[in-house]
**Student:** 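Here it is, the structure in full.
Numbering of ligands and ligand atoms starts at 1, following listing order.
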Amino acid sequence: MFEISNEVKLDFTDVLLVPQFSSIDSRSKVNLIKTFEMPHSGAKFTSTGIIAANMDGVGTFEAAAALSEHGVMTAIHKNYSAEDLIDFFQSDDSDLSFYSMGISEADYTKFEHVKKHAPIDAVCIDVANGYMDAFYEYIARIRDENPIVTIMVGNVVTPEAVRKAYEAGADIVKLGIGPGAMCTTRLQTGVGYPQLSCIIDCVQEADNCGVFICSDGGCSQPGHVAIAYAAGADFVMLGSMLAGTDEGGGEVVDGKVMFYGMSSKTANNKHFGGLKDYRSSEGRTTMIPYKGSMDGVIKNILGGIRSTCTYTGSRTLTELPFRAKAIRVNNTHNRAYEQFTTGN
Ligand code: 5GP
């Protein structure tokens, strides 16, 4: 029988955080850098927990070099050649970078080849639908053969899948089905889970396991990243917020840059010789405003989160979930003159 849960599930745009009395008198006293000790690999990462998404135009080598200066990690996109990946992972620029792969035999063979020639400390194994048996079997195989490599996997949206991924060997579980700005999965399939509730509903089980969670997709403003952290996300993956920069590559035409989902028709044509007959596109293609350097973009995001910490009296991001209180709202902000905005 068709079951419906009537509990309302929320997105980042459904809540606001309430300020709290605090002794912090300057944003400069807020420390966004945390140290994470991975449950399976035992590796330690010192980072803000923000991860650039493994998308064309975001998870590039150039982005990784610019972002690591700010303690921001990068999941390198899957479309580089093995040779280019070897060069990159041999270089200092690869600090805080994940090698990304899917779960096909071709992905496995490419990974084996790259890791033979370059040190890979962290991998991101991701598929659109993390509910297939083959996904967990693949994680277990990679874990078994790479005991000290940090493994991030996704994407799932429920606590049962968080546990299953942890038990298969994941250090970080990536949450999100359908929240992405370039994603049309919810429209094409009717499947999805509002992203804020997804974090809230998974955080307890993640804590019980001792696995980390990464909220992936759905942040379009620095405040959304802050809300994801307040809800208990350890990591937050960003695609569209980091797109449109010099480091993303792509031609600037009339002040705009092309940006597309990784399962859009554009991506399928570019990397897989077109859409296979049995599939439909689950991504869109857009022209987004050119934003200049990645440095400026990430500073703006980190500045926003630092301010959230000041408003909520949190000296560190780890304190934020304990200090933050949220309210459900009808409108988040005043939209007057929004369409006439020329900058900030
Ligand atoms: P954003 O930060 O842009 O809202 O979301 C980024 C995330 O969207 C990515 O990390 C990835 O999980 C997801 N994503 C990227 N491209 C596509 C796509 O073509 N289809 C779907 N369903 N999700 C995508």
Side-chain angles (χ1 to χ4, degrees), residues 11-13 49-60 63 67 72-79 97-98 100-103 124-131 135 152-157 161 165 172-196 198-199 213-229 233 235-245 248 250 257-272 275-276 279-289 291 294 297-298 301:
D11 269 310
F12 300 126
T13 46
I50 294 177
I51 307 175
N54 47 358
M55 299 175 72
D56 291 1
V58 180
T60 63
L67 290 170
V72 172
M73 307 172 92
T74 300
I76 300 297
H77 69 64
K78 297 170 184 164
N79 304 310
S97 296
F98 290 83
S100 303
M101 62 179 139
I103 61 169
C124 167
I125 302 173
D126 69 358
V127 291
N129 170 10
Y131 285 81
F135 171 63
M152 172 162 71
V153 309
N155 278 19
V156 299
V157 290
I172 307 169
V173 181
K174 205 146 63 76
L175 303 178
I177 292 190
M182 294 302 119
C183 169
T184 56
T185 293
R186 293 181 185 174
L187 300 172
Q188 280 293 108
T189 66
V191 175
Y193 205 112
Q195 191 65 9
L196 173 59
C198 178
I199 303 169
I213 49 174
C214 173
S215 171
D216 175 18
C219 291
S220 57
Q221 301 292 340
H224 300 162
V225 185
I227 290 170
Y229 280 129
F235 295 87
V236 181
M237 182 171 269
L238 302 178
S240 52
M241 281 184 78
L242 300 178
T245 67
V257 185
M258 189 194 275
F259 181 52
Y260 47 88
M262 295 319 293
S263 55
S264 64
K265 208 166 168 187
T266 307
N268 276 285
N269 287 342
K270 209 164 168 180
H271 305 301
F272 304 107
L275 256 184
K276 304 252 181 346
R279 304 184 54 137
S280 64
S281 154
E282 287 184 21
R284 51 176 128 250
T285 302
T286 53
M287 294 302 291
I288 62 165
K291 299 177 188 157
M294 186 66 99
V297 171
I298 197 66
I301 297 171

**Student:** Could you check whether any side-chain heavy atom of Leu175 comes within less than 4.5 Å of a side-chain heavy atom of Val156, counting everything from C-beta outward?
**Tutor:**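 Counting from C-beta outward, Leu175 and Val156 do come under 4.5 Å.
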**Student:** In terms of side-chain heavy atoms, does Glu282 have a donor or acceptor partner in Thr189 at a distance below 3.5 Å?
**Tutor:**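 On atom types as modelled, these side chains do not qualify, holding no pair under 3.5 Å.
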**Student:** What does the N/O contact table under 3.5 Å look like for ligand 1?
**Tutor:**
residue: ligand 1; atom: 2 (O); partner: Gly239; partner atom: N; Å: 2.8
residue: ligand 1; atom: 3 (O); partner: Ser240; partner atom: N; Å: 2.8
residue: ligand 1; atom: 3 (O); partner: Ser240; partner atom: OG; Å: 2.9
residue: ligand 1; atom: 4 (O); partner: Ala181; partner atom: N; Å: 2.9
residue: ligand 1; atom: 4 (O); partner: Gly218; partner atom: N; Å: 2.9
residue: ligand 1; atom: 10 (O); partner: Asp216; partner atom: OD1; Å: 2.6
residue: ligand 1; atom: 10 (O); partner: Asp216; partner atom: OD2; Å: 3.2
residue: ligand 1; atom: 12 (O); partner: Asp216; partner atom: OD1; Å: 3.4
residue: ligand 1; atom: 12 (O); partner: Asp216; partner atom: OD2; Å: 2.6
residue: ligand 1; atom: 16 (N); partner: Met262; partner atom: N; Å: 2.9
residue: ligand 1; atom: 19 (O); partner: Met262; partner atom: N; Å: 3.0
residue: ligand 1; atom: 19 (O); partner: Ser263; partner atom: N; Å: 2.7
residue: ligand 1; atom: 19 (O); partner: Ser263; partner atom: OG; Å: 3.0
residue: ligand 1; atom: 20 (N); partner: Ser263; partner atom: OG; Å: 3.1
residue: ligand 1; atom: 20 (N); partner: Glu282; partner atom: O; Å: 2.7
residue: ligand 1; atom: 22 (N); partner: Thr185; partner atom: OG1; Å: 2.7

**Student:** Drop me the distance from Met73's CE to Met237's CE, to the nearest 0.5 angstrom.
**Tutor:**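 The CE atom of Met73 sits 9.5 Å away from the CE atom of Met237.
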**Student:** Does the side chain of Phe135 come within less than 4.5 Å of Asn155's, by heavy atoms?
**Tutor:**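 Asn155 does not reach Phe135 side chain to side chain.
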**Student:** Does any N or O in the side chain of Ser100 come within less than 3.5 Å of the main-chain N or O of Ile76, such that one atom is a donor and the other an acceptor?
**Tutor:**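 Answer holds: yes.
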**Student:** Could you check whether any side-chain N or O of Thr184 sits under 3.5 Å from a backbone N or O of Gly283, counting only pairs where one atom can act as donor and the other as acceptor?
**Tutor:**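 At least one qualifying donor-acceptor pair exists.
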